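Down below is the structure, laid out as structure tokens.
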Number of protein chains: 4
Amino acid sequence: MSALPGGTAQRTARLTALVDPPPVPDASAPTRERLLFAAREVVEAGGYAGASVAAIALRAGVANGTLYRHFGSKAELFVEVFRDVCGREVAAMRAAVDAAGDDHVERVLAPLDLFSRRALQNRSLAWALLAEPVDALVDEVRLEYRRTYRELLSGVLREAIAAGALPPQDPDLTAAGLVGAVGEALVGPVSAAPGPPTATAGVPRRTAADGAHGPAGEDGDPDDALLAELDALCRRATGAAATVRADAPGQPR
Amino acid sequence: MSALPGGTAQRTARLTALVDPPPVPDASAPTRERLLFAAREVVEAGGYAGASVAAIALRAGVANGTLYRHFGSKAELFVEVFRDVCGREVAAMRAAVDAAGDDHVERVLAPLDLFSRRALQNRSLAWALLAEPVDALVDEVRLEYRRTYRELLSGVLREAIAAGALPPQDPDLTAAGLVGAVGEALVGPVSAAPGPPTATAGVPRRTAADGAHGPAGEDGDPDDALLAELDALCRRATGAAATVRADAPGQPR
Amino acid sequence: MSALPGGTAQRTARLTALVDPPPVPDASAPTRERLLFAAREVVEAGGYAGASVAAIALRAGVANGTLYRHFGSKAELFVEVFRDVCGREVAAMRAAVDAAGDDHVERVLAPLDLFSRRALQNRSLAWALLAEPVDALVDEVRLEYRRTYRELLSGVLREAIAAGALPPQDPDLTAAGLVGAVGEALVGPVSAAPGPPTATAGVPRRTAADGAHGPAGEDGDPDDALLAELDALCRRATGAAATVRADAPGQPR
Amino acid sequence: MSALPGGTAQRTARLTALVDPPPVPDASAPTRERLLFAAREVVEAGGYAGASVAAIALRAGVANGTLYRHFGSKAELFVEVFRDVCGREVAAMRAAVDAAGDDHVERVLAPLDLFSRRALQNRSLAWALLAEPVDALVDEVRLEYRRTYRELLSGVLREAIAAGALPPQDPDLTAAGLVGAVGEALVGPVSAAPGPPTATAGVPRRTAADGAHGPAGEDGDPDDALLAELDALCRRATGAAATVRADAPGQPR
DNA sequence: TATGAATGAGAATTCATTCAT
DNA sequence: AATGAATGAATTCTCATTCAT
């Protein structure tokens, strides 16, 4: 869709490589790790609703009680799960920012694009991370994550505004708005089929690698079109469209 | 904040009047109403997690069993709560659109502004209505409501795009993004006090844009500043800023 | 089926006339009667399981509370229902005995035949009367009824034995056995479709002797065949077959 | 009572040995067994009406929730109870048939005698097994059992009829009638102490044939007299008395 | 460390009974 | 007499947590 260097397709090609080494579902891994991994799997498969202690222990191949050897409570286990996942997400986004180089606008859009792609790849988990309510303890971590997330975004926004690459605006609010916009567009619909859809759980439908090819515009892949439209929306919302590129996707003429 | 006719302040002045008569938490009101009201209160106070039949009945001042004289199940009670609240919300937004007259951009921004204001007034409920997962039955209503909501927005967006008042864009995605942006900026932080906060229920607190600054500064009410910034964000996100008004709040130059 | 005077067919023709005037389901009947009738209807339709106070009151066209104006409790209502029905049954059976004249064997078989026919006509009610467990209070009435029933039978049995029309035997045990045999053959299968069959309520279906055969074959109505076989069974069980009639249905040669 | 070889007394002497080892009500037995046993005890004591999960758990000396570790639901627990008991009953009856050798009449009467004896030993349980309505799931098992039961009887009846040892008759109806006769004579009266009697559970009391008389008189145990009379009744009902033995108990001449 | 059976508080729901009108 | 809304104890079932082995 975008013919310019730094368009969504290229960004992905570059950044997917930077992403975390997937956490090992090892067979004879330390029990603690197996539990963390199992908890994540179970949440991805059925949301918190299905994430009973019994289900997690079963998946981890240990007894119920064993969980309490390693975590003070179910909530504490999930706090850790969240920290793990969120940490990785934020790290990947930071990497995306760094990889964007000096282009201020790109430093804003690149992490958003990454966020979109990753959320698209695992809607259930994204839903759980972003919205699904759980325990008070876990919610605190979620808030922490959202805050970190926003701060990262508002940081680059602030720089871009200071550099005149983006128009004056409240960077915190814009950051929040961007996260919300992308989240709603991506995971919101997930909640349509209430909760993280069980039926399609574990069946990774779109993959970034799958659609990571060529200019997205002429591509039939609906996810690519969606990502391109999201990029355009973020561009407009930040004011990047008006100042930087007159021919951005979704722009008049 | 906006010096133009139809700015957020005026809009509110006009529209708040159209809004529903707040349902009475009457003492000796019909039990059915007391239950509906209690259910809403309990959800506002503690989310669905805390909204047990016992809690609702206690709050309504009736016995547990009484609930079942008036509603087939807990889920049916909540369906009704949702329909009540959502119906009012959508009606108010439609009224806001109508009141906006022929100005295409205004017809988009006015309902968003109203949405923001109302969400700001009751964050916990907004959160529950927008995101918190519940029963399948209730989720259906929520989906219905979200769809109606987006359709309303994408409708006016479509008209505005067709009329050339806004740049070409996917109206559905923009609608989702707008809702998400506003929601995140307003209700997302609610989860800060884990779950919809019990203690602070109904006490509007500052959110994302705590460090609000810029042209909205001269306004005393921090919420007004927030709303003004949100208005600017929406303006940019829809492309209204670029095409229509070069001096809108949060715009360069 | 039986060519002899006093065969099952004739007995019925004679006795159906003697039967009680069916209790009036009157519209503006005294409330008390309406409740009794409604209770019976509801039990017939869905067994005790479905016979809630609410269901009965609804059917009677009165409020729940009204029931307690006329009966001390639900159990007391059913005691009365039982007494009504059972009283009528026993009265009809006494009439059948009287109508049988001096034939000792016939005085035993006639009430059994009547019992069979009536149970066949309303299996659900029969099941409820004979077997379905309810309240302690009601069970007492049921026992009373069974006792009366047996006493009536053992009375005529005793006479027949004394007169030499039947071989020596314990009349009480034979009476119990006869009631049980007929009951099992008729209502037992009803419980197959667990509880009184709701769907087929009032629709007399074939029972145990579906593969009826032998001399009863020329009769088209399966119920008639069943009744004939039952008659033969009772004849044998009482010893009537051996002493009185060599050519009775179900008898050798 | 019977002077012939194969009379009820001998049958019992032979067959009681074949009977199941009574399931142990052990103190520190595996919980699952304790629950099964407790369920049976509670049903015997108060019928299904009193067999709440709480009552069973209490009797088993475990918490309510423990039941669900061992059985999927209350109904599944009872299905197992039924299968246990019924399986044993049918097996014992089959053994009784086998032990009866080639005597066709004996092959019919022996299992009935066994049935009588066992029912006499535990009337409450027999009542619950035969008649008391419960859950749909459990009723299926009951139906299964009754069918097996009747098939066993009608099988030997059919053989006996074919061999000319019994007069022509509908074997299915006779089988049902025999079960009903014996059941009524034995378990019917149980409902006297409303519901299966709590206080007298396990205490065999006299039944229908309280006024027992005739040839059984010389026997000391009233239950033996009852069994002898029942044997005579079954003999007559099947036609065995008329065709085979002119001097059977309860027969003239 | 690990186990997994046991726990028990709490969930939604039902229904005979009461009582102010 | 009649109403019918309200009651509240009882039901089955769930699940995070504990603890003896």
Side-chain angles (χ1 to χ4, degrees), chain A residues 30-32 34-35 49-58 60-78 135, chain B residues 30-32 34-35 48-58 60-77 135, chain C residues 30-32 34-35 49-58 60-78 135, chain D residues 30-32 34-35 48-58 60-77 135:
Chain A
T31 305
R32 186 190 167 81
R34 288 225 306 283
L35 280 166
S52 67
V53 166
I56 294 165
L58 182 71
V62 301
N64 282 5
T66 302
L67 192 149
Y68 293 86
R69 292 262 142 223
H70 299 276
F71 305 92
S73 70
K74 187 190 174 187
E76 284 181 30
L77 163 62
F78 275 114
D135 184 277
Chain B
T31 303
R32 185 189 167 84
R34 286 225 308 280
L35 281 167
Y48 288 107
S52 68
V53 167
I56 295 166
L58 183 70
V62 300
N64 285 6
T66 300
L67 193 148
Y68 294 88
R69 171 156 293 286
H70 298 279
F71 304 93
S73 68
K74 187 190 171 188
E76 280 182 33
L77 163 62
D135 183 277
Chain C
T31 303
R32 185 188 167 81
R34 288 226 305 282
L35 280 166
S52 66
V53 167
I56 294 165
L58 183 70
V62 301
N64 282 7
T66 301
L67 192 149
Y68 293 86
R69 291 265 140 218
H70 299 277
F71 304 93
S73 69
K74 188 191 174 188
E76 283 182 30
L77 163 62
F78 274 114
D135 185 276
Chain D
T31 303
R32 186 189 166 82
R34 286 225 308 281
L35 281 165
Y48 288 107
S52 69
V53 167
I56 295 165
L58 182 70
V62 300
N64 284 6
T66 300
L67 191 150
Y68 294 89
R69 171 157 294 285
H70 299 278
F71 304 93
S73 67
K74 187 189 169 187
E76 282 183 31
L77 163 62
D135 183 277

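Please read all numbers here as calculations on a predicted model, not as lab measurements. Naming convention: chains lettered A, B, ... in sequence-line order (proteins, then strands); numbering from 1 in each chain. We use all heavy atoms of the structure for the numbers below, so side chains are in, but hydrogens, waters and symmetry mates are not.
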Once you round it to whole Å, what is the distance between P of E/dA16 and CD of C/Glu76?
15 Å
Provide the closest heavy-atom pair for D/Val62 versus D/Arg34 in the form atom of the first, atom of the second, distance.
CG1-NH2, 3.5 Å
Closest heavy-atom pair and its distance - A/Phe78, A/Ala51:
CZ-CB, 3.8 Å
Integer-rounded Å distance: F/dA5 C1' and B/Leu35 CG:
12 Å
5'-most contact on DNA chain F (nearest-nucleotide basis), C/Ala63 vs D/Ser52, goes to C/Ala63
Taking the nucleotide of DNA chain F with the nearest heavy atom to each, does B/Arg32 or D/Gly65 sit closer to the 5' end?
B/Arg32
The side chain of C/Lys74 is closest to which nucleotide in this list: E/dA16, E/dT7, E/dT3?
E/dA16
Report the distance from atom CZ of C/Arg34 to atom P of F/dA2, rounded to the nearest whole Å.
9 Å
C/His70 vs F/dA2: side-chain N/O to OP1/OP2 distance below 4.0 Å:
yes
Starting at CG of C/Leu58 and ending at C1' of F/dG4, how long is that distance when rounded to a whole Å?
13 Å
Reckon C/Thr66 has a side-chain N or O less than 4.0 Å from the OP1 or OP2 of F/dT3?
yes
State, to 0.1 Å, how close A/Gly50 and A/Ala55 come at their nearest heavy-atom pair, and which atoms those are.
O-CB, 3.6 Å
Separation of A/Arg32 CZ from A/Thr66 OG1 (nearest 0.5 Å):
14.0 Å
Where each residue is assigned the nucleotide of DNA chain E containing its nearest heavy atom, which of D/Leu67 and C/Ala51 is assigned the position nearer the 5′ end?
D/Leu67
With Watson-Crick and G-U wobble geometry limited to distances under 3.5 Å, how should the secondary structure of DNA chain E be encoded in dot-bracket form, using | for bases paired to another strand and [ ] for crossing pairs?
.||||||||||||||||||||
Return the nearest nucleotide to the side chain of D/Tyr68; candidates are E/dT3, E/dA12, F/dT12.
F/dT12
Start at the 5' end of DNA chain E and walk down; is the nucleotide closest to C/Arg69 or to A/Val62 reached first?
A/Val62
Is the shortest side-chain N/O distance from C/Thr31 to OP1 or OP2 of F/dA2 below 4.0 Å?
yes
Distance from A/Arg69 atom CZ to A/Thr31 atom OG1, nearest 0.5 Å?
11.5 Å
Contact summary for C/Asn64 and C/Ala54, nearest pair of heavy atoms
OD1-CA, 3.5 Å
Would you mind reading off the distance between C/Asn64 atom CG and E/dA20 atom P, rounded to a whole angstrom?
18 Å
Between A/Ile56 and A/Leu35, the two heavy atoms sitting closest are CG2-O, 4.0 Å
When all nucleic acid strands are considered with a 4.0 Å heavy-atom cut-off, which category describes B/Val53: base, sugar-phosphate, or nothing?
base
